[in-house]
Amino acid sequence: MTKTATCARCGRDKAIRSQGLCHACHREAGPKETCSLCARPGAVAERRAGQPVCHRCWQRERRKPQLCHTCGQARIAVRKTPVGTVICTGCHRKTLPKEPCWACGKLVVPAARTAEGPWCTRCRQHHLAERCSRCGLTKPVGLRQDDGSPVCRACYQHVHPRRLHHCVDCGDARPAIRISEDGPLCEKCDNRRAPIVLCPQCGRNRKVGILSTGVCRACARQSTPRHPCVNCGRLQLAVYRDEDGNPWCDGCRRADQAQPCTGCGRRAVVTARDERGPWCGRCWESVRPGPLCGDCGTRPSAPVTTGDGTPRCVPCYSAAVVPCTRCATPARAERRWPEGPVCLACVDAVRLTHEQCHRCGRLGGVFRREANGPLCPECAGVTFSYRCPTCAGMGRLLQGQCLPCRGRHVLAEAFTDTDGRRCDRLAPLAELLEKYDNPYSMILYLRRPGGQLIRDMVNGRLPCTHEALDQLRQTTSVQQLRGLLVLAEILEPREEQLAQLRRDFARCLEECATTADRVLLARYARWHLTPLAHQHVSRSGFTRFQREHLRRQLNAARLLLGHLRSRGRTLDSITQHLIDRWLIINPTLQHYARPFLLWAATCGLAPADVAIATSSKHGERVIMNDTDRVLTALRLETDESLPLADRVAGCLVLQYGQSTDCIVNITLTQVHIHPDETGALGLQLGRETVWLRPRLSALLQRLVHERHPLSAPLKDQETPYLFPGLRPSSPLSSNTLQRRLQRLGVPSASKARNGAWLALVGAVHWKMLADLLGAADGTAHHWHKWNGGDRASYVASRLRAAQAPDGPE
């Protein structure tokens, strides 16, 4: 039985060989001879024909795959039986007897034995872990100081860093995990240089993922069992099991171990501890000991040296603009190859330029062209991830897979419940999400709150009904998911603004102080405001502005009743003096409280001699300069770098004085083709059709064919709107359109409209403008009078018109 004790040299609890030293320390302290294979001095592992072989060459020979005598497959880690045959490690472990672990009671092959009994690997590591004297975390002991205090491996490497070498693959100065024939290799590049073996599962020549079995990385990743997390219910890798044996995913485990950070105060995973307390990873990068960055001078530098010798922190090192070794373009270094830093464009050129390598004969990216032909990155000694292990496609990878494969994996995971079954009810939604043009957009959507809502529906935590979604906070994610469910025909379509109005009314009634006021406001909302909303729905649609207007009317009535209650009065004993005093305090509510008082007087709930006067509304008369307006409209018509929909909307505002509310509600039925002029289009904004200018007609023709909803999975859906929104059934928001116009140089839509109307009423009579642009006669006449005209000018303009215009207006 192997004796386990504390090594006298490294201070770790390991199997002791002799002289109180572990195997590693005994090998380093023992005699060294020149290896017969690599000609380097080292500890002798075995002798072949009397010649010494070092441990490095002995391990290299062990990594060569051999045929197992039991399973007959090519394995890497093998053992020799007493009869001389070769058996792999997996088959050897099957022959070992299993015993119950002394700590957890699981029936496993013992990893160690002590006086208490056999231990499994997990319990043994947990037993040997101690609280680090530097960072304060409970980790395996890497070193013991002179006073006997333990130090974890991470802190040991930080205090006693190993010698840095320039890696021959990535070019970074990092500790060398292995010295290859080409030079030193860091740990990451050494893993990339894993031997290529014939995978016994998929039958392809790929890089090994499990040395003991010879399985490739893709098969090892797929064969790793997933378990439903006891907290979130998602199928993930079990990184931890609690006392009851329930699996925990990595996210839930990290959230459970989170503590308030000393710097930012947020709960996060503790990266380090000092005398001030725990620190998260982000704050520790700013306060950890070390020399300051040579660029910003505020953050400690990273333990990676740069080519010019200037110490830099991680953000400055990543964002440093250096000349590319290949194209000499100053840019951020995407990779640092042995030849120097390389920009993203040159790395993509290697990824996406596929030809057959003249050395290995495989199809891959062209890293360099030689006299004999192209050379792939593997043969050139530079390895980086560019080939998807699932579909063998080449390009950029996300978490080890290409974007289409990763998107299908994330989509299948989102629509799979805790029992591993596919949710059939939400299958139309999954088919709708598969229509994303860019799989990365779908992955981002499923990572965000919308994807979490879908997972809750799949696992049964959230019912898939309108009522369940109404109880949530009405965010953009909830509204977008509702629209997708309606489009997938999972939920019945309904008038969303009308449903939101009911929620607004219910919230307003909950704020009432007394039951009598609540009953009165419920009658007002039920018999007066709700019929008005239904009238808007039956006529031309119920917009959010109309909904907000009705909500403000009910809220003003609630405030008025609350004011009367505070004065000891009721609605039937109200006086004009109380009304006037309340209007002096709340002048902005005059327009919204007047309908309530009229309704109460009509129903006999308030005195008939008490009233609220009509509030006079004055429109904004600030105008946009004609020169700026015309130049901006000309730039929108000719600049092809601007978005097409924003150009058309801006021209309609600047040239024809249309409001953003009217523009977003334009449908295809309002677009007309001129019967005589070829290529001329018109818009029916009012009673008559206004024919557009030639350049604007060409832009409108392009917009009719190129328009599509903003939501990625719905771009192939038909929509009747000229400016569609996220969903085909709804137009673009007017506020969104106003923000877009401001980015194009239109300071304010109202100012641009005022300037356009003032210019139009000076050239065309107000009555004709009202018929063409869809404005009321009173509005057009007010603009006519403000421009200095009168009604008699209409007769004079008709007499001066010798003939009607032939072309488009």
Side-chain angles (χ1 to χ4, degrees), residues 536 539-541 543 545-546 619 623-624 629-630 632-633 636-637 644-677 679-704 707 719-725 730-734 736-738 740-741 746 748-784 787 794 797 804-805 807-809:
H536 290 299
R539 290 177 182 175
S540 58
T543 64
F545 300 101
Q546 296 169 347
I623 65 173
M624 185 178 179
R629 183 176 57 83
V630 173
T632 304
L636 294 181
E637 289 181 351
L644 179 61
D646 300 347
R647 294 169 62 188
V648 175
C651 291
L652 293 179
V653 173
L654 294 169
Q655 298 180 12
Y656 298 96
Q658 293 298 302
S659 63
T660 54
D661 298 334
C662 297
I663 291 176
V664 297
N665 288 288
I666 296 178
T667 60
L668 291 182
T669 57
Q670 298 177 245
V671 180
H672 296 168
I673 301 176
H674 199 278
D676 300 329
E677 294 289 338
L681 299 181
L683 289 175
Q684 190 174 2
L685 304 175
R687 298 185 183 92
E688 303 293 336
T689 303
V690 52
W691 303 104
L692 306 179
R693 305 176 187 274
R695 281 196 295 261
L696 186 55
S697 297
L699 294 179
L700 182 61
Q701 184 70 33
R702 290 172 50 190
L703 181 62
V704 170
R707 62 191 174 83
T719 173
Y721 293 99
L722 194 62
F723 300 91
S730 62
L732 185 67
S733 173
S734 60
T736 303
L737 182 58
Q738 290 181 11
R740 290 184 178 183
L741 295 181
V746 181
S748 175
S750 60
K751 293 181 181 179
R753 290 185 59 233
N754 295 342
W757 268 97
L758 196 62
L760 288 173
V761 294
V764 184
H765 195 267
W766 61 268
K767 180 59 179 175
M768 299 176 62
L769 285 178
D771 295 340
L772 288 173
L773 303 182
D777 292 345
T779 302
H781 183 248
H782 283 311
W783 278 106
H784 178 71
N787 193 35
Y794 175 69
S797 63
E809 297 184 10

Would you compute the distance between atom CD of Glu637 and atom CD of Gln655 and round it to the nearest 0.5 angstrom? 4.5 Å
State the CE-CG distance between Met624 and Leu654, to the nearest 0.5 angstrom. 5.5 Å
Look up atom CG in Leu773 and atom CE in Met768, then write down how far apart they are to the nearest 0.5 Å. 10.5 Å
CH2 on Trp691 to CD1 on Ile673, rounded to 0.5 Å: 8.5 Å
Would you say that more than 12 heavy atoms from the other residues, nucleotides or ligands in this model lie under 6.0 Å from the CG of Leu644, or not? yes
Name of the residue among Leu737, Thr736, Leu722, Thr543 meeting side chain to side chain contact (heavy atoms under 4.5 Å, CB included) with Val664: Leu737
List the atom of Ala776, the atom of Ala770, and the distance in Å for their closest heavy-atom pair. O-CB, 4.2 Å
Distance-only, no hydrogens or angles: does the Arg629 side chain make a donor-acceptor pair with backbone N or O of Ile623 under 3.5 Å? no
Val704 backbone acceptor or donor facing Arg707 side chain under 3.5 Å: yes
If you compare all heavy atoms of Ser734 against all heavy atoms of Phe545, which two are closest, and at what distance to 0.1 Å? OG-CZ, 3.1 Å
Does the side chain of Leu683 reach to within under 4.5 Å of the side chain of Thr689, using non-hydrogen atoms? no
Roughly how far apart are Arg693 CZ and Leu700 CG, rounded to 0.5 Å? 14.5 Å
Distance-minimising heavy-atom pair for Ala649 and Leu741: C-CD2, 4.3 Å
Between Trp783 and Leu760, is any pair of side-chain heavy atoms under 4.5 Å apart? no
Which pair of heavy atoms, one from Tyr656 and one from Leu692, lies closest together, and at what distance? OH-CA, 3.6 Å
Test side chain to side chain contact (heavy atoms under 4.5 Å, CB included) applied to Leu652 and Ile666, step by step: CA-CA 11 Å; Leu652 293 179; Ile666 296 178; 4.2 Å; yes
Reference residue Thr660; test side chain to side chain donor-acceptor pair (under 3.5 Å); the match among Arg753, Gln738, Arg740: Gln738
Distance-minimising heavy-atom pair for Asn665 and Asp661: ND2-O, 2.6 Å
Do the rings of Trp766 and His784 sit parallel, tilted or perpendicular, given the 30° and 60° boundaries? tilted
Give, for atom NE2 of His782 and atom CG of Asp777, the distance between the pair rounded to the nearest 0.5 Å. 11.0 Å
Sub-3.5 Å donor-acceptor pair from the side chain of Gln684 to the main-chain atoms of Gln670, do we have one? no
